[in-house]
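Treat the numbers as computed from the prediction; the structure is a model and nothing was measured.
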Amino acid sequence: MDRSADPCTNFYQYACGGWIKKNPIPPDQARWEVYGKLQYENELFLWGILDEAAKPVAGRSAEQQKIGDYFQACMDESGIEKAGLSPLEPGLEAIARVSSADQLAELVAGEQLDGTSTLFGFGSNQDFEDSTRVIAFASAGGLGLPDRDYYVKDEPKMREMREKYVAHIARMLGLVGDNAETAAAEAQTVMNIETALAKASLTQVEKRDPYKQFHKVTLAQLKAMTPSFNWDQYLAITGAPGISTANVTEPEFYKELERELASQNLSNWKTYLRWHLVHSKAPYLSSKFVNENFAFYGKTLRGVDELQPRWKRCVHFVDRDLGEALGKVFVENTVAPAVKAKALEMTKQIEKAMGDEIKSLPWMGDETKQQALVKLRAVVNKIGYPEKWRDYGSVRIVRGDFLGNVDRAGIFETHRDLAKIGKPVDRTEWGMTPPTVDAYYNPQMNDINFPAGVLQPPLFDSKMDDAPNYGNTGSTIGHELTHGFDDEGRQFDAQGNLREWWTKNDAAEFEKRVSCISEQYAGYTVVDDIKINSKLTLGEDVADLGGTLLAYIAWKTATRGQQLKNADGLTPGQRFFVGLAQWACGSERDENKRVSAVTDPHSPPEYRINGVVVNLPEFAEAFSCKVGQPMMKKKDKVCRVW
Ligand SMILES: [Zn+2]
């Protein structure tokens with residue numbers, strides 16, 4: 001804490017100033033927060049597990065063999081250096097061999113199959129209008145910059161980033177053997193194609209509207225949309241030959257894709273696919289690829305000074321590719337049953353608080369309230385780790401073959417994902433691995449998910465009392481639960497179907513209340529003259545406010561009748577709010593703030609705290625703040641939804 005700061009002037013500084021001062025951003029990080037630091041501690045622990053598993057001794061389990069040998073292959077820097085470009089050569093040759101435009105789908109499928117992101121996205125998801133069905137989703141994609149805005153915005157920083165991006169593409173193509181002049185022309189070709197795709201892509205704000213992303217078509221209609229693309233060939237290779245329906249999330253994108261397919265010549269496509277191949281595989285190749293990739297995506301784009309040490313990158317890759325095999329070992333060593341039980345108990349209290357809140361909302365009618373309560377009761381709580389672990393048995397992992405392992409793991413994942421189409425939904429599946437320091441709500445599953453990684457000190461501490469735990473982890477639980485009822489989540493019903501279950505009047509009342517939050521956050525500055533895009537952050541801002549309020553009510557209920565004591569010079573109420581703020585302590589490089597302003601649906605951490613407490617009379621009371629002080633709004637300006 002920074003006790004020299006006045007909590008009623010800048011509460012974030014008061015609660016986090018000490019942490020921020022003692023924890024400067026490490027040279028290999030774009031931002032550094034309590035979450036990131038805890039993630040780092042998890043990674044150190046995972047490193048130990050992987051170092052052990054990498055020893056080729058007899059008696060390793062099948063999982064230890066896989067995670068260990070993958071890690072060994074990744075850590076074998078001298079072997080990777082010696083191999084140079086050779087692991088990429090089969091891919092480059094496959095592109096070079098193509099001599100006719102109807103082989104293009106084959107090439108795209110081949111790249112996407114092992115996880116290379118190119119041209120568009122294709123995977124499985126629950127049908128928006130029938131969450132019991134899994135269908136194919138054909139989405140937008142094919143860009144190398146973080147968002148479509150980077151291609152279309154006419155701002156000096158964006159123009160500068162485009163120029164540097166084109167130079168980076170040219171250098172990467174130079175590394176695979178093209179001379180400087182050719183590579184520069186090729187880079188411009190790539191930029192032209194990506195710009196056309198970007199212009200036809202939805203903005204981040206538009207993507208928050210599920211109706212804008214829901215356009216179910218038959219396979220015949222998909223083919224008619226893009227006649228220049230051989231879908232039969234594509235689907236046969238990626239492993240989804242039997243599909244009859246697909247949700248084309250962005251039809252305008254596919255129309256533009258068709259125009260590009262029809263107008264660009266084959267040689268341009270080969271250039272585009274070569275770029276995406278080398279771009280996607282650069283992190284797994286020799287140092288000149290790794291360094292050039294970092295120079296643009298780390299240093300230029302995000303302002304990071306140093307590449308992460310190799311062990312950290314390798315731990316990250318194992319977590320991404322074999323996450324549940326690694327996670328299984330992680331939870332055996334970390335999750336005490338008591339922690340799981342306590343987290344579940346808090347969740348129940350918070351759900352009860354939400355139920356009581358819904359019942360007493362003055363602006364919502366009975367009809368909508370009944371439906372909201374049905375949805376609340378249907379929320380599934382997933383805490384810690386999956387009930388059944390993913391079976392990686394069919395992934396072949398070989399010592400000394402890093403890129404091969406990455407590719408085979410990518411193929412496994414693509415097949416696993418596409419194999420879900422047409423099968424019943426697996427509601428036990430997790431979208432995050434157990435060591436992950438994060439949490440999420442899934443509107444189609446209607447479930448809240450808290451991986452083991454996030455249920456650890458200093459976030460959740462079983463040795464601490466309820467005040468800081470409810471303030472910190474409780475607010476996170478409340479946040480995820482509120483996502484089911486934010487401006488996006490509220491559009492899905494108890495079964496996870498996209499359906500209007502609100503009366504018109506109640507929906508209008510809701511919109512009125514969330515626009516109060518939207519207006520408030522639009523006034524906050526991210527960096528330079530960039531303000532928060534509060535239409536992008538609205539769902540998170542609503543969840544932050546609602547989540548904190550629910551956690552506060554739940555804490556009061558859980559401790560009713562108890563004799564709560566002061567500690568560290570703070571009252572119990574003050575400790576609740578300091579606990580809240582201290583999940584968010586951290587700082588971020590200016591360059592990364594610019595990326596976040598475009599792509600991150602969360603507001604910057606200080607506003608995630610200060611922007612919440614200004615709306616809570618409970619906070620003003622705890623710190624005796626007065627109207628007119630920055631952390632206390634006038635009564636008629638207070639925003640409240642749930
Ligand atoms: Zn959230």
Side-chain angles (χ1 to χ4, degrees), residues 34-35 37-39 41-42 45 323-324 327-356 376-389 427-442 445-485 543-544 546-560 562 572 575-584:
V34 169
Y35 269 50
K37 190 174 174 181
L38 180 52
Q39 186 75 47
E41 283 159 11
N42 284 352
F45 181 73
E324 290 195 11
K328 196 172 163 182
V329 191
F330 175 81
V331 301
E332 278 163 12
N333 291 284
T334 51
V335 186
V339 170
K340 222 179 141 166
K342 180 69 191 175
L344 193 61
E345 180 199 314
M346 286 170 68
T347 307
K348 296 269 182 228
Q349 285 286 4
I350 288 159
E351 285 171 347
K352 190 186 168 301
M354 178 130 213
D356 293 343
L376 176 65
R377 279 183 217 116
V379 171
V380 173
N381 305 315
K382 281 153 67 182
I383 291 167
Y385 47 87
E387 284 164 36
K388 56 173 200 258
W389 296 95
R427 293 187 180 270
T428 67
E429 200 183 336
W430 280 67
M432 282 176 184
T433 64
T436 307
V437 183
D438 208 345
Y440 70 97
Y441 170 77
N442 180 332
M445 293 285 196
N446 196 20
D447 64 7
I448 50 178
N449 300 260
F450 304 93
V454 82
L455 300 172
Q456 300 182 94
L459 299 172
F460 177 77
D461 191 342
S462 53
K463 289 194 265 322
M464 297 281 260
D465 56 297
D466 280 335
N469 278 332
Y470 269 89
N472 190 319
T473 298
S475 295
T476 304
I477 296 170
H479 171 104
E480 301 310 339
L481 190 63
T482 307
H483 270 316
F485 302 88
D544 283 339
T548 306
L549 184 63
L550 293 178
Y552 187 86
I553 297 167
W555 169 61
K556 281 282 175 194
T557 310
T559 56
R560 190 178 295 147
Q562 289 179 20
R575 292 174 74 239
F576 172 91
F577 285 106
V578 169
L580 160 73
Q582 289 191 340
W583 75 253

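- Listed here is the closest heavy atom pair of Pro572 and Ala467: O-CB, 3.7 Å.
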Listed pairs under 3.5 Å, donor-acceptor, residues 450-457 side chains, sequence neighbours left out:
residue, atom, partner, partner atom, Å
Gln456, NE2, Asn42, OD1, 2.9
Gln456, NE2, Gly453, O, 2.8

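- With hydrogens and angles disregarded, a donor-acceptor distance shorter than 3.5 Å links the side chain of Asn469 to the backbone of Asp461.
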Tyr552 and Tyr470: side chain to side chain contact (heavy atoms under 4.5 Å, CB included), yes or no, with the steps? CA-CA 7 Å; Tyr552 187 86; Tyr470 269 89; over 6 Å; no

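- Looking at residues two or more places apart in sequence or on another chain, you find no salt bridge (Lys or Arg N to Asp or Glu O under 4.0 Å) involving Glu41.
- Looking at Tyr385, its side chain never comes within 3.5 Å of a backbone N or O of Val331 through a donor-acceptor pair.
- Interatomic distance, Lys328 NZ to Glu332 CD, rounded to the nearest 0.5 Å: 7.0 Å.
- The minimum heavy-atom distance between Gly327 and Pro435, with the atom names listed, is CA-CD, 4.2 Å.
- To the nearest 0.5 Å, atom CG of residue Asn442 and atom CD1 of residue Ile448 are 12.0 Å apart.
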Going through the distances and angles, do Ile477 and Met346 end up as a side chain to side chain contact (heavy atoms under 4.5 Å, CB included)? CA-CA 8 Å; Ile477 296 170; Met346 286 170 68; 4.1 Å; yes

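- The nearest pair of heavy atoms linking Asn472 to Pro458 is ND2-O, 3.8 Å.
- Between Ala439 and Met432, the shortest heavy-atom distance links the atoms O-CE, 3.6 Å.
- A distance of 4.0 Å separates CG of Asp465 from CZ of Arg575, quoted to the nearest 0.5 Å.
- Without hydrogens or angle criteria, Lys382 side chain to Glu429 main chain gives a donor-acceptor distance under 3.5 Å.
- To the nearest 0.5 angstrom, Leu481 atom CG is 11.0 Å from His479 atom NE2.
- Inter-residue side-chain proximity for Ile553 and Asp356 is flagged as unmet; no heavy-atom pair is nearer than 4.5 Å.
- At least one side-chain heavy atom of Thr548 sits under 4.5 Å from a side-chain heavy atom of Ser475.
- Of the candidates Asp447, Asn446, Thr482, Asn446 is the only one forming a side chain to side chain donor-acceptor pair (under 3.5 Å) with Tyr441.
- Remark: the Thr436 side chain and the Thr433 side chain contain an N/O donor-acceptor pair separated by less than 3.5 Å.
- Not a single salt bridge (Lys or Arg N to Asp or Glu O under 4.0 Å) links Lys463 to another residue, sequence neighbours left out.
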Between Val34 and Gln582, does the side chain to side chain contact (heavy atoms under 4.5 Å, CB included) criterion hold? Intermediate values first, please. CA-CA 8 Å; Val34 169; Gln582 289 191 340; 5.7 Å; no

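- To the nearest 0.5 Å, atom OG1 of residue Thr473 and atom CD1 of residue Ile350 are 9.0 Å apart.
- Salt-bridge formation is detected for the pair Glu345/Lys342: a Lys NZ or Arg NE/NH1/NH2 atom is positioned less than 4.0 Å from an Asp or Glu carboxylate oxygen.
- Nearest heavy-atom pair, Trp389 versus Glu324, reported as atom, atom and distance to 0.1 Å: CE3-O, 3.2 Å.
- The aromatic rings of Phe576 and Trp555 sit parallel, their planes meeting at an angle under 30°, below the 60° perpendicular limit.
- Here Leu580 contributes atom CG and Thr476 contributes atom OG1; the two are 8.5 Å apart, rounded to the nearest 0.5 Å.
- Between Leu550 and Gly478, the shortest heavy-atom contact is CD1-O, 4.2 Å.
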